[in-house]
Structures are given as structure tokens and as C-alpha cells.
There are 2 protein chains.
Amino acid sequence: MATSRPSAHHSSANGPSAHRASRSRRSSRPSGDEREAAILATAERLLAERPLAEISIEDLASGAGISRPTFYFYFSSKKDVLLSLLDRVAEEADRAIVPRPPSPIADPAAFWRDVLTAFLGAFGSHRAVTAAADAARASDPEIGALWSRLMTGWVDRDAAIIEAERAAGAAPDGPPARELATALSLMVERSMTALFADQEPALPREQLVETLLHVVLSAVYGTAA
Amino acid sequence: MATSRPSAHHSSANGPSAHRASRSRRSSRPSGDEREAAILATAERLLAERPLAEISIEDLASGAGISRPTFYFYFSSKKDVLLSLLDRVAEEADRAIVPRPPSPIADPAAFWRDVLTAFLGAFGSHRAVTAAADAARASDPEIGALWSRLMTGWVDRDAAIIEAERAAGAAPDGPPARELATALSLMVERSMTALFADQEPALPREQLVETLLHVVLSAVYGTAA
DNA sequence: GTAGATCTCGACACCGTGTCGACTGGAGTC
DNA sequence: GACTCCAGTCGACACGGTGTCGAGATCTAC
């Protein structure tokens, strides 16, 4: 049995072979980390051309300059590669998060516009990965779980903000904050995946933020700016 | 080359062998139509248990009491079966459509609640098919096209209603009606697929209609009832 | 220089798909 | 009541993708 390689998804620092990090000598064979990165890069490149189902492990391996069995040293399956890719996008998205201001929010339209724009930017810079993960979510429990974890984070946050706005008298009462935040988050999610996957009907990129903003402001504050 | 069987999707009456319809004699071998129906029934049953990717053609064939090659006499692939299934659901949904009232709508809350309920009812009675089609949509162009056709229909209709309401002075101006209808339709679509596929986060069935109704009314009329 | 971990791949077993060609049995001639 | 036509049926095959195993090369540390 070959040595198993953890192939780090699940956020935490890429630990697998960090001790090998500081080695600038050009070795005859590319290092393991370089190969892993090459597989991921190949995957993201190919995903921009065709769905995951039409990409074989042979494609990923040869794209990274290795043989098919060697692929399995780095990842246990195609799904695992997508999981890693999605994990990196998620990390990036977390970093792009807009800091939450105290309620009442001085300029709600500006604030929510920033939130929407940040969200769009984070996932929009990896359209292919987002679209592939969206496609895989329904049929793959692990992808689905990671996606759910992300979405639940946004929903929790939005629900807390809505509650704070209501408590501060800035927003009127309405449906329970959590349910309202869920409906709005699902709208945003779906609007973006439709755009990224070139599906119809979809909101054109130029109008996406303003249209969603109108719905959010109306639903939360009862008034569109 | 075996006789090709059209295996009627695309709405129109199930024409393939209608001439065989009026035959009550119990023949030693079930008729072709019965077999086709058996395959569809097996597919819908199995889809309630596991995703399409984990259902083999062998499963469908044996479930319908035929061998794998015989399956290909009736359908050209698994995807074809799902397409037929989705087509039937779409027909059912079209039949459940709420007639459009003249603007201004006397009781907008009641009207939009009916629309949402009808939508939920039509797809909710075939959760498994809806969830499977949702999953396949992103990776299969044909499923995607059929789904798009359906969604575009709803969006067109909703956009026309919003425009009429505005023209009648019942709803204030706002984002272009088509974009607003798109955002709201995507929200409704996603809320339902999340519910049907038991994904998180999702709106619980009991609160789904009222929450979505609040968002729709706020976004279209500027006021939640 | 040698021990142990890391990394590599040829060869294999397996499974699901889709096709081909031969067969079966009932329905419609005459 | 033999004949032929055709919808329907399936055994056997070819193929392509997945994942594993075991034998190796190569690097690192001491």
C-alpha cells in the first residue's frame, strides 16, 4: 500500500509537506507540491472548457505531466480535486468579506451593494470552479456539504444583520430574519450560478447587483432606495 | 439496425405507437407502451432513493423486467429517461398554472400566494424528478435547455404581470420588469430545489410560501401585506 | 552507503455503456 | 396453414474510464 497523502482540503493551511517548502534547487523531478498545484491548475483550466463529467483522470494527469496512477498519489478522485479547488475559492471569498458595521447602518444601500459586489467578485473570479461545484453539489454529498457550510455562513451573518437593523429601528418587522435571509441568499446564489454557467434566464452582469439590491432593500427595509 | 423508436418527449401527445392503444387482450408479452411506462416508473422510484449517476441502465432495465439491450429499444440513454420524466412534470405544471387576472389585481397577496402555491404543488408532487433534473441541468445541455424553456416561460409571464400592474398604477416603478421577474423567479426556483433536495440552508415547507410572498410583494409593490 | 520515505508507473481487474446480429412470436396476408 | 413482416428481445462483444497492486526509481538523512 502506497503512503497515503492527505491532500489538504478543509481550509486549514496546506500542511502535507510544508517542511519541503524552502528548496530552490531545481531538482530533476518536480516536487510533490508542484505536481499537486499542476493538477489543480489543469483542472481549473479544463473546467472552463467542459463539465467535470467530461474530464477524465487521464486528462488531469497528462495535463500535469504525470501518469494516471500517479494522479492517485495526490488525489483520491476527480471529486477530491474539485473539493480542493472549491475550498480555495471559499477561502478567498471569506477573505473578501465586508466587515459588519454597527446598526443602524448609515447607508444601507451602499452597505448591501458592497456585500453583493464582494460576493460576486469572489466567485466571479473563479467562474468555472463555481459552476462545476454548483453542478456537482446535487449529486455529490461532500461538495454539497461544503457548499452548504458556505451558504449557511452567509445566511447566519445576514440574519444577524437584519435582526440588528430591526432592533435599532432601522428596519420594520417582517418574516423571521433567518427565513428572510435564507430566501435572499438563495436568490443571490442562484442569480450568480445562472450567470456563471451562462444559463437562461439570468440577470446580465451589468444589472445583477442593482436588481438584487432592489429586492434586498425592499424585503428588508420596506423601501427601495 | 434496430427500428428506431421516437420515445416521445417534447410535450406533444405520446404518439409512438398509438395504433396499438385499443387492445385489451392479455398478450403473453407486455406491450411496448407498458414497458416504456415501466421504465419511467422504475426511474422515478429509484430517483427517490439515489441520484441518477448511481442508477445504472441495468437497474432500470431489470426494474422494468427487461434486459439491458432491450432498454435501448425504448430510450437512447439514462438522460433520455430523465428528459421524458421532466417533460411530463412540465406538462403537469403548465396545467396547474393560475389564470392571469386583469390589472390592477384586486388582492395581490392572494394572487401571488396562489401562483407560488401552484408552482410548489406541481413540482412538489415529483420531488425526485425535480431534484434529479436540477442536478443534471448544469452538466447536460438538453436537460438544461428544457429547464430554461420552463423558467423563461414563468419569467415572461411574471414580467408581463409586473408591467401591467405598473401601467395600472398598482405598482411603483423600479428595476426593469423583466430583470425583477428574473431575480424573483430564480429565488423561487432555488428555494424549491433546495427544499426538494433536502439541502441546507433551505426554507422549511411551512414557511416557504409566506416568506417568498413577502419578498415578492415588497419588491414589486414596495409594501408587504 | 544504506535505510526509509517519497514518488512513479506498467499491468491488471472491474464495471457501466452502447452496438450488432441473430432470434422469437404475434398479426396480417392469400 | 404456410409465409412474411416487424416490433420486440437478448447474448455476446468492444470500448473506455476507474481504481489498485506491486515493483521500481529517486531523494534525504545519518
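Lettering of chains follows the sequences in order, A, B, ..., and the numbering in each one begins at 1.
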Distance, rounded to the nearest Å, where A:Ile66 contributes CD1 and D:dG24 contributes P
22 Å
Picking from C:dT6, D:dC10, D:dT18, which would you name as closest to the side chain of A:Tyr72?
D:dT18
SB check B:Arg178 B:Asp156 (cutoff 4.0 Å)
yes
How close or far is atom C1' of C:dT17 from atom CG of B:Leu52, stated in whole angstroms?
14 Å
Measure from CD on A:Glu36 to C1' on C:dT8 and round the result to the nearest Å.
16 Å
I'd like to know if B:Lys78 pairs up with B:Asp59 as an ion pair, taking the criterion as any Lys NZ or Arg NE/NH1/NH2 lying under 4.0 Å from an Asp or Glu carboxylate oxygen.
no
Donor-acceptor pair present, B:Arg68 side chain and C:dG16 base, under 3.5 Å:
no
Which nucleotide in the list D:dT18, D:dT20, D:dC10 gets nearest to the side chain of B:Ser67?
D:dC10
Out of curiosity, A:Leu146 CG to A:Asp87 CG, how far, rounded to the nearest 0.5 Å?
5.5 Å
Give one of base, sugar-phosphate or nothing for B:Thr70, where a contact means two heavy atoms less than 4.0 Å apart.
base
Taking it one step at a time, do B:Arg113 and B:Glu210 satisfy salt bridge (charged side-chain N to carboxylate O under 4.0 Å, His left out)?
CA-CA 8 Å; B:Arg113 184 180 289 113; B:Glu210 290 308 314; 2.8 Å; yes
Atom-pair distance (CZ on A:Arg35; P on D:dC27), nearest Å:
12 Å
Roughly how many Å is it from CD1 in B:Ile55 to P in C:dC15, rounded to a whole number?
19 Å
Take the protein atom CD of B:Glu34 and the nucleotide atom C1' of D:dG8, then report the distance between them rounded to whole Å.
13 Å
What's the closest nucleotide to the A:Phe73 side chain, out of C:dT6, C:dC12, C:dG18?
C:dT6
May I ask you to say what B:Ser56 touches in the nucleic acid, namely base, sugar-phosphate or nothing, with a heavy-atom cut-off under 4.0 Å?
sugar-phosphate
Distance in angstrom units between B:Phe71 CZ and C:dG18 P, rounded:
8 Å
With no hydrogens and no angle check, is any side-chain donor or acceptor of B:Ser185 less than 3.5 Å from a backbone partner on B:Thr182?
no
Starting from C1' on C:dG16, measure out to CZ on B:Phe75 and report it in whole angstrom.
19 Å
Which nucleotide in the set D:dT20, C:dG18, D:dG8 lies at the smallest distance from any side-chain heavy atom of B:Tyr74?
D:dG8
